[in-house]
Amino acid sequence: MKQTKLTHIRLTLQLFAAHYRQAPLQAAAILIGVVLAVTLFVAVQTINLNAKRSYAESSESLSTQATNFIIPPAGQRYLSESLYFSLRQAGLSRALPIIEGRVRDEQGRRWTIQGSELVVAMTTRLHDTNQQENANEPHAVSLFNAHLPLAQLMAGKPLVMMSQSQHSNMGEVTHLILDKVKTEVVVVPDEWKLGSRMLMDIGFAQQLLNKQGELSYIAVLETSQAKLSHWQEIIGKQGQWMTNTQSTDLGALTDSFHLNLTAMSLLAFVVGLFIAYNGVKYSLMKRTRLLVQIQQAGIASNIVFIGLLIELTILVTLGATLGFVLGIQLSHWLHPTVALTLEQLYGATLLPGTWHWQWWGQALLFTLCATFIACWQHFKQRVHQPLSSHGGFYQAPEASNKNQLLVLGSVLTLCALAGLWFSEHHRFTMVWLGVLVISIPLYLPKSLSVLAQWCENHSAPGLLQYLFAELRELIAPLSLAMMALLLAVTANMGMNTLVGSFESTLKHWLEQRLHADIYVSPAQSEIANVALALEHFDNVETVYKQYYIDDNLQGLPILLGTKDNDTLEQTMVFHSQVENFWPRFYQGELVAISEPTAVKLGLSLESELELDALQEATPIVGAIFYDYGSPNGEVLLAPKLWFESGFTNIPTSLGIKVTGEPHAVYDQLRDKLNLHSSQLYDQAQIKSIALDIFSQTFAITRALNGVTLMVAVIGLFSACFMLLDARKAAIARLYALGISRRKLMTMVVGQIVALVSFTLIIALPLGAMVGYVLTDIVTLRAFGWSLNYLWNWSDALSIAAITILVAVVATLIPLWRLVSKPVVSSLQSEVL
């Protein structure tokens, strides 16, 4: 009995394979959907997992992960190097001194450099058990590795080390002129996990930054809890001891970014599954007679059902495997863009991407489960149909089914809107937005049917009325493709609205924030001297100064700073403020905080701030200002309070207001202060640079958005192609009745254009609603940025035009082949 079952299953599969050899388009339709669904899903999951691995494995350059840090005391930017030596003499051997800063190359580009005791770093690494096991690998970090010029390093030669990937991005240069010092470039393998960092010996870095005897922080690589109080006693007031929570902090900060990518990938996955399911339905429709004949020949229905499941498993496995390969390649292409976004927005370093075969298994299992759930009931219906029935393609869904979908969609929409109203965290907001997006396609069958019925009732009798009458029958076979298209277009319009709103808001904000005629950006080691020299320039009316240090407020990384009075009053764009703010602010009674700080920490006007840097004062929030420069936070103090608290008097940036011709001042600054032209910016340049940076941060979103729309367009193309193949007998009958080829082609193309246009009519308001949620709710809760909602008609119309054009092309290609064939051959297909 068991042998008979296996024989019948094998025979059934052979018949299905023979069917696909005769009709490869049907198998291709299923494969295309699965490949498109898996590709973007795998690409985004790879990016997210690699990012989280980078956070977890973030270690000190060429060394191991720090357990603790010793950072400068509150209000200071640097530690004294003598503290490091004191700790070493006291027995803290596994500690690494670090100096960080920014320098410029000969082209004026700014680079962040890091200096450390390289010999100590790599020696300490050998104590790690895992690193000892990998020490014999060809790319292992070692003092005696061929990639490391140990003798030159020991001799104090000007060398900078960078990863192979970073070296390729910089054009594979052999030397760099960093702050007028010719520096040799040493390339090390990506496996050394430098990422985008530029590393050098601490002595050379201190010389380059003009910070001899100073450190940015000390990384403590391992220490016992028992000696903690001993080290803290030695440190005293020279620094602060803190636990390394970098992995957790970065994970929390980038949570909204990765959530956005995941949402896009899941959307593409759903759209791809719609396409695959549409292909399965089409294939079953074309095999209706074959399935009936197989059962009439004596093969049990459960054997046919098992055969269909095995066939689907094989197709999904092939599609998921190809999608996995393409997804890994897509993640490789997107990696530089994601790395740039994470570095510019969050200061995170993304290590070179890796992948594992387990991810293929996870993607395959996920896709198999989704396709089985989608197709199980449909397979059951096809297998258990009456053996006297041959079925047909134009089986319109029952009206009750459309009504049920409409009711379900309405309930889900109401739940989603209520959830969006009451949810406070961006993660829950994104979940409710997902429910809203999923509810949208459920309106489509009923909405399309109503629109087609209205057009039929208001059309003159004849071919035009026949067009809309038959269009109502086409809604059933094309509904899935239209649902996929609706999802993709809605998401695309919503995301374009978000990007456009952000760009518009950022431009207006920059107009208010940029008040200096020229911004001066000297090397970090020269900024104090340049600031002093500018005070004595004849054509310089005012020198604007800003002071900032990194700090932490209730676990949120912030910038703590101040500015001169003119800059404060001219550049602060208020969200809200208390009465009589400025006098109270200058007295040190009030502080101003950025909107991201207020949103993330739940602060409001009159809230008290407890800053470690202000040990004796507890200022009150007197104003909340807009800030689109960072998703973290910013707190501004009065200049008087800043200097009285002992904070640094070296500005971090300079701006000047000039009298007379600005070009003359440019020449004067270059000649007298020996500044490079790229160290001088006017307002237009700053605005251009800021917009370029933020357009790069949205590049990954644009890329994924475009891929998702491409998935839906391919699905539309596939569905139109299959539909025309199924309708060739019906079209041939019209041709035989005397309808000319030109009118016939116009009618068929008009039907598809009408159906796509109806879908777009529904997508436009829904896309505007999704854009509003993304702009006014999600962005505020995720980043703390209030954006001005801006709907762009040109983007919406261009998406609509592209979609209609694709539908026309997808219809014309098979239609031309169809009308070019003899009528008899097309009519015969109805009875074959």
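Taking CG of L436 as the reference point, atom CG of L414 lies at 10.5 Å (rounded to 0.5 Å). With values rounded to the nearest 0.5 angstrom, T759 atom OG1 is found 9.0 Å from L451 atom CG. To the nearest 0.5 Å, the span separating CD1 on I30 from OG1 on T371 amounts to 10.0 Å. Distance check: Y626 OH to E595 CD gives 6.0 Å after rounding to the nearest 0.5 Å. Note: T413 OG1 to L766 CG = 8.0 Å, rounded to the nearest 0.5 Å. The CD1 atom of I624 sits 12.0 Å away from atom CE of M572, with the distance rounded to the nearest 0.5 Å.
Within the 4.5 Å cutoff, the side chain of V437 has no heavy atoms near those of the T490 side chain. Residues D795 and M493 fail the side-chain proximity criterion, which asks for heavy atoms closer than 4.5 Å. Using a 4.5 Å cut-off on side-chain heavy atoms (C-beta onward), V35 and L326 make contact. Residues L790 and T497 fail the side-chain proximity criterion, which asks for heavy atoms closer than 4.5 Å. With contacts defined as side-chain heavy-atom distances shorter than 4.5 Å, the pair V42/V325 does not qualify. Side chains of T571 and F625 form no contact here, defined as non-hydrogen atoms less than 4.5 Å apart.
No side-chain donor-acceptor contact under 3.5 Å links S504 and S501.
S449 contributes no side-chain N or O that, together with a main-chain N or O of P445, makes up a donor-acceptor pair within less than 3.5 Å. Checking side-chain atoms of S594 against main-chain N and O of E634 turns up a donor-acceptor pair under 3.5 Å. Using modelled atom types, one side-chain atom of W785 and one backbone atom of D627 make a donor-acceptor pair closer than 3.5 Å. Remark: the backbone N or O of N788 is paired with a side-chain donor or acceptor of T505 at under 3.5 angstrom. Looking at Y443, its side chain does come within 3.5 Å of a backbone N or O of G409 through a donor-acceptor pair. Judged by distance alone, with hydrogens and angles left aside, the side-chain atoms of S798 form a donor-acceptor pair with the main-chain N or O of S794 at under 3.5 Å. Of the possible donor and acceptor atoms, none in the side chain of Y628 sits under 3.5 Å from a partner among the backbone N and O of F502. Looking only at distances, no side-chain donor or acceptor of W432 sits under 3.5 Å from a matching main-chain atom of A418.
Closest approach of V435 to A416, counting heavy atoms only: CG1-CB, 4.0 Å. L433 and L420 make their closest contact through N-CD2, 4.0 Å (heavy atoms, listed as atom of the first residue, atom of the second, distance). Residues L486 and P441 share a closest heavy-atom pair of CD2-CA, 3.8 Å. Nearest approach of G323 to V38, heavy atoms of both residues: C-CG1, 3.8 Å. When all heavy atoms are compared, the tightest approach of G319 to L31 is N-CD2, 3.6 Å. The shortest non-hydrogen separation linking S331 to A43 is CB-O, 3.6 Å.
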Carefully, step by step, assess L442 and L412 under the rule side-chain contact (heavy atoms from CB on, under 4.5 Å).
-> CA-CA 10 Å; L442 301 180; L412 289 177; 3.9 Å; yes

Check step by step if side-chain contact (heavy atoms from CB on, under 4.5 Å) holds for M495 and V770.
-> CA-CA 8 Å; M495 198 59 68; V770 170; over 6 Å; no

Do T367 and V34 pass the side-chain contact (heavy atoms from CB on, under 4.5 Å) test, and can you show the C-alpha distance, the side-chain angles, and the key distance before you say yes or no?
-> CA-CA 8 Å; T367 311; V34 175; 4.0 Å; yes

Stepwise side-chain contact (heavy atoms from CB on, under 4.5 Å) check, L787 with L498 | CA-CA 9 Å; L787 304 180; L498 169 64; 3.9 Å; yes

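Listed by chain and residue number, K687 satisfy the side chain to side chain donor-acceptor pair (under 3.5 Å) test with E511 (two or more places apart in sequence, or in another chain). In this view, Y772 and Y789 satisfy the ring pair (Phe, Tyr, Trp, His ring centres under 6.0 Å) rule, not counting sequence neighbours.
Among residues at least two apart or in separate chains, there is no ring-ring contact (aromatic ring centres under 6.0 Å, His included) pair with a member in residues 474-498.
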